[in-house]
Number of protein chains: 2
Amino acid sequence: MVTLNQKQFAPERLDRLRAALRQNRMARVEDLCRELNASPATVRRDLTHLEQLGEIQRVHGGAVSVDSKIEEPLFDAKTSIASKEKQQIAKAALDFVKPGDTIYLDGGSTVLELARLLRDHTNLTVVTNSLRAALELAGRGPRLILVGGELRRLSQTVVGPLTENILREIHVDTAFMGSMGLSSDSGLTTTDPNEAFTKKRVMDSARQVVVLVDSSKEGKVAFSHAGKLEDVDVLITDGKLSKDFVRSLTEKKIKVVKA
Amino acid sequence: MVTLNQKQFAPERLDRLRAALRQNRMARVEDLCRELNASPATVRRDLTHLEQLGEIQRVHGGAVSVDSKIEEPLFDAKTSIASKEKQQIAKAALDFVKPGDTIYLDGGSTVLELARLLRDHTNLTVVTNSLRAALELAGRGPRLILVGGELRRLSQTVVGPLTENILREIHVDTAFMGSMGLSSDSGLTTTDPNEAFTKKRVMDSARQVVVLVDSSKEGKVAFSHAGKLEDVDVLITDGKLSKDFVRSLTEKKIKVVKA
DNA sequence: GCGATTATGGTCGCATTCGATCGGAGGTCA
DNA sequence: TGACCTCCGATCGAATGCGACCATAATCGC
């Protein structure tokens with residue numbers, strides 16, 4: 001069994017890491033070793049842990065604090081990996097949008113690309129918890145229904161228990177979901193428990209679930225469980241998934257689409 | 001040791017490239033090398049990377065920024081012509097915001113000005129159905145709760161029956177409302193029935209109702225009844241209201257504040 | 001107290017990054 | 001058009017960082 005909640009890391013060291021990364025918004029592993037009197041292996045472990053919690057972002061040679069990036073919600077914080085792929089994935093997802101449908105758009109940069117492609121689809125109803133997706137469609141486009149609830153600044157999405165008040169009232173034909181992590185064992189994962197909560201509710205009530213992720217998410221496991229692979233009907237990704245992973249998906253009757 | 005060989009991360013370099021290219025619309029590889037303290041090969045690699053992301057366009061000898069940011073004309077238009085009166089009204093409304101409060105922000109340009117003033121109030125919870133108010137506070141500021149429901153494009157607010165699902169769950173200390181029309185006979189009025197519906201629900205559950213309108217709304221009557229004057233506790237406006245109207249308001253125990 | 005689980009540190013093979021070199025393409029000027 | 005020069009992309013090598021594995025120490029449960 002996978003032990004998700006191993007939180008017995010030295011809390012003091014984690015706090016000092018957080019502090020160091022809040023002060024300067026980036027730090028090198030080497031420096032952190034000296035400062036914390038710890039080995040590189042330990043520092044790396046802690047950093048990956050913090051990354052799973054969504055508090056920092058790892059980069060080669062160190063880490064950067066993710067807080068410094070939320071000031072510009074319009075600017076994509078994670079552009080360091082692939083956007084051509086994301087656009088292609090979004091384009092492939094269009095095949096699953098039928099006129100007259102009611103669809104749900106989740107947060108995440110890949111789904112955001114899909115939102116951009118829907119600006120000319122007027123015979124459509126879009127439900128979303130993503131502020132940025134809503135912005136794309138605020139001027140013109142389909143009928144737009146926003147999910148209500150508390151705004152999570154990091155992802156610019158509306159999450160948490162309050163979202164349930166609207167989600168239980170509506171049922172969408174197809175839900176287009178993003179995900180921070182995607183693995184055979186842990187399924188869909190994301191950093192924030194509230195966000196995971198909302199994702200589960202959406203996937204429960206959707207007639208069809210389409211997951212849009214680029215291949216860099218393969219094997220990643222983030223903090224919170226956001227859904228089982230069994231709940232996914234279609235997975236759209238770029239062509240770089242490992243064969244083993246694709247096989248394990250098709251065995252679960254998930255249709256894998258390569259954009 | 002000279003700080004010549006200061007290590008830097010790839011993402012930081014990308015950010016600095018973006019910044020340099022946003023400032024001047026074009027930059028040469030040679031200059032970027034000096035600025036980033038990197039070799040031409042590295043700069044070229046980063047530039048091609050950014051080009052793949054679609055953020056810039058390579059040219060011989062350097063790169064130019066491709067301004068893909070087509071701001072919605074809807075937003076620019078109304079936000080730029082925020083009159084002095086509206087700003088002053090918003091400023092006066094700040095007196096009714098106490099630390100720790102939960103407040104509601106309605107749509108409308110005057111209330112939007114108030115949202116702008118709240119970006120440094122972190123000890124506060126803001127509930128709103130206004131997409132533009134949410135945007136003002138999306139990057140930083142108070143805890144932000146969005147009301148869910150159908151987006152009305154004209155006002156960029158969330159309105160209609162679905163909003164009730166969240167509104168009945170929450171109770172705010174003070175609701176700051178806008179209005180299209182304000183008259184002794186018809187009270188508060190607005191153009192859209194759905195919008196009126198939502199306004200009524202908010203005013204019902206708010207402990208205190210503060211209406212923010214400039215004096216041009218006096219005597220105007222719009223299509224849908226959105227609330228009775230008796231439900232209003234405070235009216236903040238500029239100093240151009242007619243004496244008769246002010247008297248009729250104070251007779252109804254409404255506190256009139258001139259900004 | 002003892003076994004089991006967990007945290008930490010060291011080592012090794014591998015991946016990533018960066019800079020240098022080189023052949024060739026593209027731009028410039030007569 | 002052709003000569004000349006600059007710049008570009010591809011490839012390679014060096015350096016560094018990284019994850020995986022294992023050993024050891026600490027801690028917890030029984």
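Letters go in sequence order (proteins before strands), and every chain restarts at 1.
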Short N-O contact, A:E150 and B:R143, less than 4.0 angstrom: yes

Rounded interatomic separation in angstrom, taking NE2 from A:H49 and C1' from C:dA7: 13 Å

Short N-O contact, A:D31 and A:R28, less than 4.0 angstrom: yes

Nearest-Å distance for atom pair CG/P, residues B:D31 and D:dT6: 16 Å

Passing option when A:L14 is tested against A:L47, A:L53, A:D46 for side chain to side chain contact (heavy atoms under 4.5 Å, CB included): A:D46

Nearest-Å distance for atom pair CG/P, residues A:D46 and C:dA7: 10 Å

Identified side chain to side chain contact (heavy atoms under 4.5 Å, CB included) partner of A:F176 from the options A:V97, A:D106, A:V211: A:V97

Gap between atoms CD and C1', on B:E12 and C:dC18 respectively (whole Å): 16 Å

Between P of C:dT8 and CG of A:L17, the distance in whole Å: 11 Å

Using nucleotides 9-15 of chain C, report all nitrogen or oxygen pairs with the protein that are shorter than 3.5 Å.
| residue | atom | partner | partner atom | Å |
| --- | --- | --- | --- | --- |
| C:dG9 | OP2 | A:S39 | N | 3.2 |
| C:dG9 | OP2 | A:S39 | OG | 3.2 |
| C:dG9 | OP2 | A:T42 | OG1 | 2.4 |
| C:dG9 | N7 | A:R45 | NH2 | 2.9 |

Sugar-phosphate only, base, or nothing, as touched by A:R58 at under 4.0 Å among non-hydrogen atoms: sugar-phosphate

Protein-nucleotide distance (B:L14, atom CG; C:dT17, atom C1'), rounded to Å: 13 Å

Distance, rounded to the nearest Å, where B:L32 contributes CG and C:dG19 contributes P: 14 Å

Side chain to side chain donor-acceptor pair (under 3.5 Å) partner of A:R152, the single match among A:T157, A:N129, A:T191: A:T191

A:D238 bridged to A:K86 by N-O distance under 4.0 Å: no

